[in-house]
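As structure tokens, the structure follows; a few thoughts come after it.
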Amino acid sequence: NINLEMQKLLSVFKEFKPQILITFGCGIIKEPILSKIPKYSLNFHTGLLPYFKGTAGNFWPFYFLKPNYVGITIHKIERKLDSGPIIHQSIPKLDPSDGIHDVACKAICKGADDLVSILLNISNGKKPIFVRQRSIGKLFSDKDFSPQHLRLIYNLFKNKVVKYFLNNQLQKDRPQTIRIKYEKN
């Protein structure tokens, strides 16, 4: 029993036969759609995988006082949420005046620029190398977040988590990120 939206999407796939599919902010893709998506079906995930999976992937790094873990992950869509192999990760440059929303917006802008470059290379015949995720990370859902979580960022840290981080007042560790690589011809 396929609903009307799925029928429309399946007819678009059948008619246009896309070679690339990009998702951003959508729910989990299930059958019968999942088996019909093209080879290059990529999710533009707000958050660095595997560290922050699921919902609000760029909020949780601030909550855990790790603003350097804010970023974008471009990964292959697979059955299990945010578990597909990674093609590329983007992290924004942090500035002491940045608040949580500044960093999240910078991440999306940087990720979008990187995605355009990647898509141009794929359309020109370059084949990206996908890197399997090696660790599990944390999967966050909508129910994990409550408005009280914002108190840490806004009341305790006055939305200056980045400033504290850059002034070495917070623990610094570095996320391992994946940069796009292409197969050799």
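Smallest separation of non-hydrogen atoms from Gln89 and Leu49: NE2-O, 2.8 Å. Between Ala107 and Pro92, the shortest heavy-atom distance links the atoms N-CB, 3.8 Å.
In this structure, Phe140 has its ring center closer than 6.0 angstrom to the ring center of Trp60.
Of the possible donor and acceptor atoms, none in the side chain of Asp113 sits under 3.5 Å from a partner among the backbone N and O of Lys110. No donor-acceptor pair under 3.5 Å is formed between the side chain of Ser90 and the backbone N or O of Gly71. Between the side chain of Asn167 and the backbone N or O of Gln169, no donor-acceptor pair lies under 3.5 Å. Judged by distance alone, the side chain of Glu183 and the main-chain N or O of Ile129 form no donor-acceptor pair under 3.5 Å. A donor-acceptor pair under 3.5 Å links the side-chain atoms of Asn159 to the main chain of Ile100, judged by distance alone.
In the hydrophobic cluster analysis, where Ile, Leu, Val, Met, Phe, Trp and Tyr join through side-chain heavy atoms closer than 4.5 angstrom, Leu48 is grouped apart from Leu139.
Residues passing the side chain to side chain donor-acceptor pair (under 3.5 Å) test with Asn68: none are found, sequence neighbours excluded. The side chain to side chain donor-acceptor pair (under 3.5 Å) test applied to Lys127 returns no partner, not counting sequence neighbours. Every residue was checked against the salt bridge (Lys or Arg N to Asp or Glu O under 4.0 Å) condition with Arg134, not counting sequence neighbours, and none meets it. For Asp98, the salt bridge (Lys or Arg N to Asp or Glu O under 4.0 Å) partners are Lys106, not counting sequence neighbours. Annotation: salt bridge (Lys or Arg N to Asp or Glu O under 4.0 Å) contacts of Glu31 (sequence neighbours excluded): Arg79. Every residue meeting the salt bridge (Lys or Arg N to Asp or Glu O under 4.0 Å) condition with Lys66, not counting sequence neighbours, appears here in chain and number order: Asp173.
For Gln19, the CD atom counts as loosely surrounded, since its 6.0 Å shell holds 12 or fewer non-hydrogen atoms of other residues, nucleotides or ligands. No more than 12 heavy atoms of other residues, nucleotides or ligands sit less than 6.0 Å from atom NZ of Lys80. Atom CZ of Arg174 has 12 or fewer neighbouring heavy atoms from other residues, nucleotides or ligands inside a 6.0 Å radius. The local environment of CD1 in Ile136 is sparse, with at most 12 non-hydrogen atoms from other residues, nucleotides or ligands closer than 6.0 Å.
A cation-pi geometry, defined here as NZ or CZ lying under 6.0 Å from the six-membered ring centre and within 45° of its normal, holds between Lys76 and Phe130.
Between Val161 and Phe64 there is no side-chain heavy-atom pair separated by less than 4.5 Å. Between Leu65 and Gln171 there is no side-chain heavy-atom pair separated by less than 4.5 Å. In this structure, Ile74 and Leu115 have side chains that are in contact, with non-hydrogen atoms separated by less than 4.5 Å. Contact of the Gln148 side chain with the Arg151 side chain is registered, since non-hydrogen atoms from C-beta on lie closer than 4.5 Å. Counting heavy atoms from C-beta on, the side chains of Tyr164 and Pro67 never come closer than 4.5 Å. Between Leu21 and Phe13 the shortest side-chain heavy-atom distance falls below 4.5 Å.
Of the N and O atoms on the side chains of Thr46 and Asn58, not one donor lies less than 3.5 Å from an acceptor on the other residue.
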